[in-house]
Each structure stands twice: as C-alpha cells, then as structure tokens.
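Taking it in order: structure first as structure tokens, then the write-up.
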Amino acid sequence: MQCDWPLLGPLQWMRYVNKQVKVKAGKDEERRGWLLTVDPVSASLVLVNFKEDGGASVQVVMGHAVEEVEVLQEADEETTQRLQSSFLPAKTRRLDPEELRKRRAGVRSWLEKNRIPVEEEGDELRVAGVLTITPPYGPEDCCSSNQIILDRIQKLIQSVFQIQPDHTETDPDCPSTMEV
C-alpha cells in the first residue's frame, strides 16, 4: 500500500496490527515482522520477529520514515497469543483465572482488614475511589495520581506478598499464608 503512513491515523493502523508486514522505509530499507503496535503520536511501528530458541527480536520503524506497508500474512491464533503475551511479565502469563480470583480476593480481604475502602470493578480493585489495582494485584499493579496514597497502598500490598514461614500453618488469617 502506497501511503502517507503518519496521516492514516489509528483506525487505519489497527488493520495492520497482528499481521506480518513488509515495511519500506527510506530508499533501500525494508523491514519484515509481525506488527505488534503503532505509536499513536509518532506513527512508529513496532515489529516483532520470533526466534527459533523461543525468544523474540523487536524493531521500531520510525513513522516519518515509512513509505509503504504491505501485509504478507494474517496471524493464526497461536501467533496472536504469542504476540500479546511476549512482553507481559512472566508471572502474569503463569496465573490462570482461578489463581487471579484468589489473589484479588486475598488483596481485597487484606485491604478491608486494614480498614481501607475497596470495591471490585470487573477484574480490577478500586481503592477509596482514587486508586486502581489491576491483575495480578501486586504492588506494581497499582495506579493513582495521588502519590501518597499510591505509596501507602503499595507498601500494604507488599506486606501481603512477603512470606513469613513461621505463620504459614498456625494463622489462617495471616496475609503471608495467602496463595500468591
């Protein structure tokens, strides 16, 4: 497709995501790979190529340099899953829905025991209306514009995940016994 790539916009770019593409950039530059995403500000393309050893290489093609984008192949289900999970933290990939449910319930219970108002909104926890905790519900999964509240809740959640072996069998309400 001949195009002014940066001028196409996000709706057009989405047609290329999760597809193997050939990108012509510059006079003699050509890149191939699976299009993971397009930066909405710079129109830069993020291309992923899977290696035989299970790893992946990533190339970024700057949006202003793109002259042509051609779709080579549609992604099958396996490739789509691999693209979507390639850059997630390892622990996110290992947790099944039941484990995530247990973690969410454990974090919610711990916050409530510490008299912190918490509500479930889908798969997220909303704390005091100003902080959101997303799966897998660890300290790094907290988001808030209030830095003080963010720091305090992260420390509180961190205490849930610290393992204290001397309490594991004796106190069922001890946060250190929660399955994480």
Side-chain angles (χ1 to χ4, degrees), residues 1-108 119-127 131-145 150 154 157 160-161 178-180:
M1 163 185 195
Q2 293 289 346
C3 62
D4 268 333
W5 180 258
L7 301 177
L8 287 179
L11 292 176
Q12 294 293 325
W13 297 331
M14 288 302 295
R15 295 180 182 175
Y16 295 89
V17 172
N18 291 337
K19 295 183 174 131
Q20 189 176 39
V21 295
K22 177 172 68 173
V23 180
K24 184 177 178 189
K27 292 184 179 184
D28 297 321
E29 288 287 322
E30 184 178 287
R31 304 277 188 233
R32 293 174 185 244
W34 294 96
L35 183 59
L36 178 66
T37 190
V38 179
D39 177 61
V41 176
S42 68
S44 297
L45 295 89
V46 178
L47 301 177
V48 176
N49 286 299
F50 298 112
K51 297 179 180 179
E52 291 179 18
D53 65 0
S57 67
V58 178
Q59 296 177 330
V60 177
V61 181
M62 301 304 290
H64 69 275
V66 175
E67 292 179 3
E68 183 179 341
V69 179
E70 178 185 339
V71 175
L72 300 175
Q73 180 181 350
E74 299 279 332
D76 58 14
E77 188 65 33
E78 179 185 344
T79 304
T80 301
Q81 283 289 32
R82 199 168 170 195
L83 281 167
Q84 292 174 352
S85 65
S86 290
F87 302 99
L88 293 175
K91 66 181 178 180
T92 303
R93 290 191 298 245
R94 286 196 309 255
L95 298 177
D96 65 30
E98 181 63 22
E99 290 170 325
L100 285 173
R101 187 193 62 72
K102 287 179 182 178
R103 279 182 89 136
R104 181 177 58 237
V107 169
R108 179 180 180 159
E119 299 173 352
E120 287 190 34
E121 292 180 1
D123 65 346
E124 296 179 346
L125 294 175
R126 186 88 172 141
V127 179
L131 183 136
T132 303
I133 308 170
T134 57
Y137 310 105
E140 67 280 357
D141 303 310
C142 297
C143 180
S144 177
S145 60
L150 178 64
Q154 284 178 320
I157 291 174
V160 172
F161 295 104
M178 184 182 83
E179 291 181 30
V180 289

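Everything numeric in this text was worked out from a predicted model, so none of it was measured.
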In this structure, CG of Asp96 is separated from NZ of Lys102 (nearest 0.5 Å) by 8.5 Å
Please tell me if the side chains of Val58 and Val46 come closer than 4.5 Å, counting only heavy atoms from C-beta onward. yes
Judged by atom type as modelled, is there a donor-acceptor pair below 3.5 Å linking the side chain of Trp34 to the main-chain atoms of Phe50? no
Backbone of Ser42 reached by a side-chain donor or acceptor of Asp39 within 3.5 Å: yes
Could you measure the distance from the CD atom of Glu70 to the CD atom of Glu68? Nearest 0.5 Å is fine. 6.0 Å
Check the surroundings of atom CG in Asp28: do more than 12 heavy atoms from other residues, nucleotides or ligands lie under 6.0 Å from it? no
If I compare all heavy atoms of Val69 with all of Leu45, which pair ends up nearest, and what's the gap? CG2-CD2, 4.4 Å
Spatial distance of atom CD (Gln154) from atom CG (Asp141) [nearest 0.5 Å]: 9.5 Å
Heavy-atom pair of closest approach, residues Gly63 and Pro6: O-CG, 3.4 Å
Heavy-atom pair of closest approach, residues Ile157 and Gly138: CG2-C, 3.9 Å
Would you indicate whether Glu78, at its atom CD, is surrounded by more than 12 heavy atoms from other residues, nucleotides or ligands within a distance under 6.0 Å? no
Would you sort out whether Val71 and Tyr16 count as a side chain to side chain contact (heavy atoms under 4.5 Å, CB included), showing the intermediate values? CA-CA 7 Å; Val71 175; Tyr16 295 89; 3.6 Å; yes
Thinking salt bridges, do Glu29 and Lys24 make one under a 4.0 Å N-O criterion? no
Minimum heavy-atom distance Thr80-Asn18, with the two atoms named: CG2-ND2, 3.8 Å
If you round to the nearest 0.5 Å, how far is NZ of Lys22 from CG of Leu47? 13.5 Å
Looking at Lys19 and Arg15, would you say the former's side chain and the latter's main chain have a donor-acceptor pair under 3.5 Å? yes
Salt-bridge present (Arg126, Glu124; N to O < 4.0 Å): no
Checking Tyr137 against Arg104: is there a side-chain donor and acceptor pair closer than 3.5 Å? yes
Hey, are the side chains of Leu100 and Asp123 touching, using non-hydrogen atoms and a 4.5 Å cut-off? no
Quick check: closest heavy atoms across Leu36 and Leu83, and the distance to 0.1 Å? CD1-O, 3.5 Å
Using 0.5 Å steps for rounding, measure from the OG1 atom of Thr134 to the CD atom of Glu140. 9.0 Å
Before giving the answer on side chain to side chain contact (heavy atoms under 4.5 Å, CB included), spell out for Thr37 and Val17 the whole-Å C-alpha distance, their side-chain angles and the decisive distance to 0.1 Å. CA-CA 6 Å; Thr37 190; Val17 172; 5.6 Å; no
Might you confirm whether atom CD of Glu119 has over 12 heavy atoms from other residues, nucleotides or ligands at distances under 6.0 Å? no
Taking atom OG of Ser145 and atom CG of Leu150, what is their separation to the nearest 0.5 Å? 9.5 Å
Donor-acceptor contact present, side-chain Asn49 to main-chain Arg32, <3.5 Å: yes
Between Arg101 and Glu99, is the closest basic N to carboxylate O distance under 4.0 Å? no
